[in-house]
Every structure is written in structure tokens, then in C-alpha cells.
Amino acid sequence: MEYDHSTYISPMTWRYGSDEMKSIFSEEHKRKLLRRVWIALARAESRAGLVTDEQVAELEAHKDDINIDRASEIESVIHHDLMAEIKTYAEECPNAGGIIHLGATSMDALDNADAVRFKEALILTKKRLDDLIASLADKAEIYKETATMAFTHIQPAEITTIGYRLAQTLQDLLDDRDDLSELIRNIKGKGMKGAVGTAASYTVLLSGSGLTAEELEKMVMDELGIEAFTAATQTYTRKQDLRIVAILSSIAATLHRFSLDLRILQSPPIGEFSEPFGKKQVGSSAMPFKRNPINSEKICSLSRIVESQYQAAWMNASLSILERTLDDSANRRVFIPEAFIAADEMLITELKIVNGMNIHSVATERLMNDYGIFAATERLLMELGKRGADRQEMHEVIREESLSAWAQVQEGKGNPLKKNLMNDSRIREYLSENEISALLDAHDYTGDAAKRTEAVIARARNVR
């Protein structure tokens, strides 16, 4: 089977994601994992006297001799993909072929192989997340005290710092990492439990051997490096798939929010942030001047793919009737790899953005000059109250002056508020010009934003 661009190929195959992640979800790797399960089972059964050491050695010798063409040829006749792989493996192992899959049902092999590769994929995702956390922490450290306008309702509000804004995303990523680490620790396989999860076939097979089905299962799972669910049907509970997609969806939500903010902040009227833009990069086929935030847009787009997979995982978990139905099989082949590959692409892209993002100080100062003084009037009002002024009267004075100044800013003029307040006799009765000027400098009106940013950064430094 050879596929090229003359037929449909998923964009996840050639456009998105790393070679590492796509290798984990390759057919070749899947079949190698299946052979690992069969070897582990044979090795455990050899201790019960059911399989010889020579047979185990033969299986080991051919564990990497994957022949998908031959397996596909067999499957076209028998219409059972796992049996086709077993027969292919058996042809390569004339002495051990007859004991491959002894006592097992299909999902004893498939679900355990899936659990192993899902754990591999989660560990790779965690590595990507760690790299992004480290880079974002570095950026937050640099800008932890750099004052900038905060926006609520997408309107200028009070003052924050650039580092504190980055710390919000950093904190969310750290929480995602905690959830991801917990999930990795708790990934389980079905174990070796047979057709409906009772291990009846293994109990009969091992009768008189001195080895119990539970002991055999532990031997197999120890070799695979994962634990088994205590109880299972023909499959492990599909709630595990739901938990996997849930954490990928949570990471996607964090990245989407950050990317959407960056897209807004890159808009020229704000113009404070911008993602990296190459010398030869083309922003638009029609408008040569365009610098579109295409990487952030890609992240927002792919995040919808990840989130949309949750419904399929939920339905698989809730609609598996009695001991199992097969209506989860086809969709799991699609949505689980695609969720992982999309998340992988998003994390890789976000790391490039954070490493190369531009923060434009001129734009930051323009925002502070135009809008920062409005936020600083709160501090002026507090000081007037401390000096004995009537709080309600001063609130009305500042409100009137602010609305007048706001109208001029909207007309594209400079903000006259500071000058007007410094010259207002009602305020000058309590404060000097210099005092008013100092109170209206909003650059240090950031509360404890820098301290809180440092606390988030400290947590990020301790994750590895």
C-alpha cells in the first residue's frame, strides 16, 4: 500500500504534528506493540509450561518484522484485522506460530497495546508542555514589572503588567500539567481477561499449572510497563479514553485563549504583541502589507478539532452496551490519533510563537498615555479622600473631567486629562500640581502583579 497526493491523505499525516507523535500512532508501531503483548503473554505462559523458551525466543527474533502488505492481503480474505496480523506473525515463526495469542481475545492484545501507546503519546505531550511552560516563564520574568493597559469587556480598564498577563496562561498550563501527570500515572490496560473480562479461558488454560490467571496477568502487564484495570468487560472502560480527550481538550482551551488574546493584541489599533513574521513570509495574496497572525489562528482552529472529539469519546463511554459493542472501533482509529497530533502541533507552534513573539514598547506606552491616566484617577480619588475631601464631590469632578478627556481621545487627540486635573482648583485645594502629577502616573499602579507573577514563575521552575 502506497499513498501519495493523488488520493486523500489526512492533513494529520503530512501537514500537522511531529514525526515523533505520528510514529507513535503509525500502523507499524501499533503492530510492534501488539507483538510485545503476544511475547509478554508467551513468556508468562512459558512459566506455566504451556510455551517453550525456544518459542518465546523465535517470537522475539521476529518482533520487528512487520509486513503490513501481507497482513492486508490476509485481511482481505478473512475480514479480521487482528487475526490477519496473528497469521502474518505466525508465518514468520513456524515453531511458535501456533501459540501466538493463546487464551486471548482480540481486545487483550489491542486494548493493552493502545494503553501503552496512549501513555507514550501523553508523555510526549507532557514534554511539549514542559518546554512551553519553561519558555513562557522566561518571558513572564522579563516583563513582570512592565506596566500595560488591562482590558475588561475588550475595553481599557486598569493597569496590569505584561508579565502578569502571561502568568495567567502560565498558571493554566501548570494546572493542565498537573492533570496530565496524574493521568499518565493512572493509565491502565485491560489486562489479560478474555472475551467478557472474566479470565475464564486463562483459568482453564492454567488449570494444574500452579499459576493463576491473575498472576499471569500481572506478569504480562509488568513486562508491558502498565497496570491493568481490576475489572473489565471485553475492553477496558472507555471512560479512560474520555479522560484522555478531556485533558487534551483542556490544554487546547488554554492555548486557544492565549492565541485569541494574541490575535487581538496584534491588531494595529492595539499593536502591543505580535507573533514572529519571517522576512519572506507572505501575509496575503491580495494585500502585500498584511501581517496576519496565522500561527495563532492555526492554534485556534486546531483546538476546535481537539474539543470536538470529546463528544465521540463520551458516546463511546456511555453507549458501550453490556460487555461491549464494536461501534467504538472505527471512530477510535480516527479521533484519538487526531486529537493527539492536533495537540502536538498546537504545542509546537505555541512554543515557536512564545520564543519569537514581539512586544512593542512604543504601542504599550501609547496605550498607557491614552488610557492609563483614566485608571490612575482611582488612586487620585483615594488620596483626596485621605486629605479630607468629600469623596462624592471629588468623584463627580473626576468623572466630568474624564468624560471630557475621553471624547477628545476618541477624536484622535492627545489625552488632556492629566493637565486638566492638575489645573482644577477644586482638586488643587487639597493637592499640589506635583502631587497630582505623581498620582496620575499609572506605571506603578499595578498593585502586587509583579509579586504574583513571581509566584507563578517559581511554580513553573519546579516542574521538571
Side-chain angles (χ1 to χ4, degrees), residues 20-48 50-68 70-71 74-75 80-124 184 187-194 199 201-202 205 211 213-229 232 234-236 240-241 244 332-333 336-337 340:
E20 295 166 278
M21 186 63 80
K22 287 185 282 194
S23 175
I24 289 171
F25 287 100
S26 68
E27 272 299 307
E28 182 175 312
H29 186 59
K30 171 187 172 181
R31 291 163 198 254
K32 286 181 178 179
L33 288 176
L34 288 171
R35 294 187 179 197
R36 276 184 59 191
V37 176
W38 288 321
I39 291 168
L41 176 60
R43 199 184 322 278
E45 290 174 339
S46 73
R47 295 171 189 173
L50 299 170
V51 174
T52 67
D53 290 342
E54 290 74 21
Q55 288 173 316
V56 174
E58 187 177 51
L59 293 178
E60 286 269 16
H62 294 278
K63 65 182 180 180
D64 295 326
D65 297 340
I66 305 301
N67 189 339
I68 295 176
R70 177 57 181 152
I74 295 171
E75 185 183 352
H80 194 292
D81 59 341
L82 190 81
M83 275 302 299
E85 185 60 31
I86 291 171
K87 288 178 176 290
T88 301
Y89 197 12
E91 288 177 353
E92 298 165 355
C93 304
N95 295 319
I99 58 88
I100 297 172
H101 201 67
L102 182 60
T105 191
S106 296
M107 301 314 294
D108 288 355
L110 288 166
D111 263 13
N112 288 316
D114 271 349
V116 171
R117 69 173 173 167
F118 294 166
K119 187 171 183 176
E120 291 173 344
L122 289 167
I123 289 170
L124 178 57
I184 290 170
I187 286 291
K188 294 180 175 65
K190 175 196 171 181
M192 311 308 292
K193 294 182 175 66
S201 59
Y202 296 109
L205 189 66
L211 195 67
E214 189 174 6
E215 289 169 336
L216 177 135
E217 177 180 77
K218 187 176 186 311
M219 291 177 187
V220 173
M221 302 311 284
D222 283 350
E223 183 166 336
L224 295 177
I226 55 173
E227 295 182 16
F229 280 103
Q234 191 172 95
T235 69
Y236 68 61
Q240 176 161 267
D241 295 351
I244 289 171
R332 289 177 79 246
R333 296 175 192 265
I336 296 179
F340 271 109

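Any value given below was found using the heavy atoms of this structure, including those in side chains, with hydrogens, waters and symmetry copies removed.
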Subject >> Residues in ring-ring contact (aromatic ring centres under 6.0 Å, His included) contact with Phe340, at least two apart in sequence or another chain >> reply: Phe25
Original post:
Does the Lys63 side chain pair with the main chain of Arg36, one donor and one acceptor, at a distance under 3.5 Å?
Top reply: no
Original post:
With side chains defined as the heavy atoms from C-beta onward, is the minimum distance between Arg31 and Asn67 less than 4.5 Å?
Top reply: no
Which atom pairs, one a donor and one an acceptor, fall under 3.5 Å between side chains of residues 92-106 and the rest of the protein, sequence neighbours left out?
| unit_1 | atom_1 | unit_2 | atom_2 | d |
| --- | --- | --- | --- | --- |
| Glu92 | OE1 | Arg35 | NH1 | 2.8 |
| Glu92 | OE1 | Arg35 | NH2 | 3.3 |
| His101 | ND1 | Trp38 | NE1 | 2.9 |
| His101 | NE2 | Ala104 | O | 3.4 |

Original post:
So how far is it from Ser46 OG to Glu54 CD, rounded to the nearest 0.5 Å?
Top reply: 10.0 Å
Subject >> Sidechain-backbone polar pair: Tyr236 side chain, Asp241 backbone, donor-acceptor under 3.5 Å >> reply: no
Original post:
Just by distance, do the side chain of Asp111 and the backbone of Thr235 share a donor-acceptor pair under 3.5 Å?
Top reply: no
Original post:
For Lys188, does its backbone N or O pair with a side-chain atom of Gln240 as donor and acceptor, under 3.5 Å?
Top reply: yes
Original post:
Do Ile187 and Ile244 touch side chain to side chain, with heavy atoms closer than 4.5 Å?
Top reply: yes
**OP:** Go through the structure and list residues passing side chain to side chain contact (heavy atoms under 4.5 Å, CB included) with Arg47, not counting sequence neighbours.
**Re:** Arg43, Met219
Original post:
Sub-3.5 Å donor-acceptor pair from the side chain of Lys193 to the main-chain atoms of Phe229, do we have one?
Top reply: yes
Subject >> Glu227 CD: over 12 foreign heavy atoms closer than 6.0 Å >> reply: no
Original post:
Which heavy atom in Lys190 sits nearest to a heavy atom in Met107, and how many Å separate them?
Top reply: CD-O, 3.8 Å
Original post:
Any side-chain heavy atom of Gln55 within less than 4.5 Å of one from Glu58?
Top reply: no
**OP:** Looking only at non-hydrogen atoms, find the nearest pair between Glu45 and Tyr202 and report the distance.
**Re:** OE2-CE2, 4.4 Å
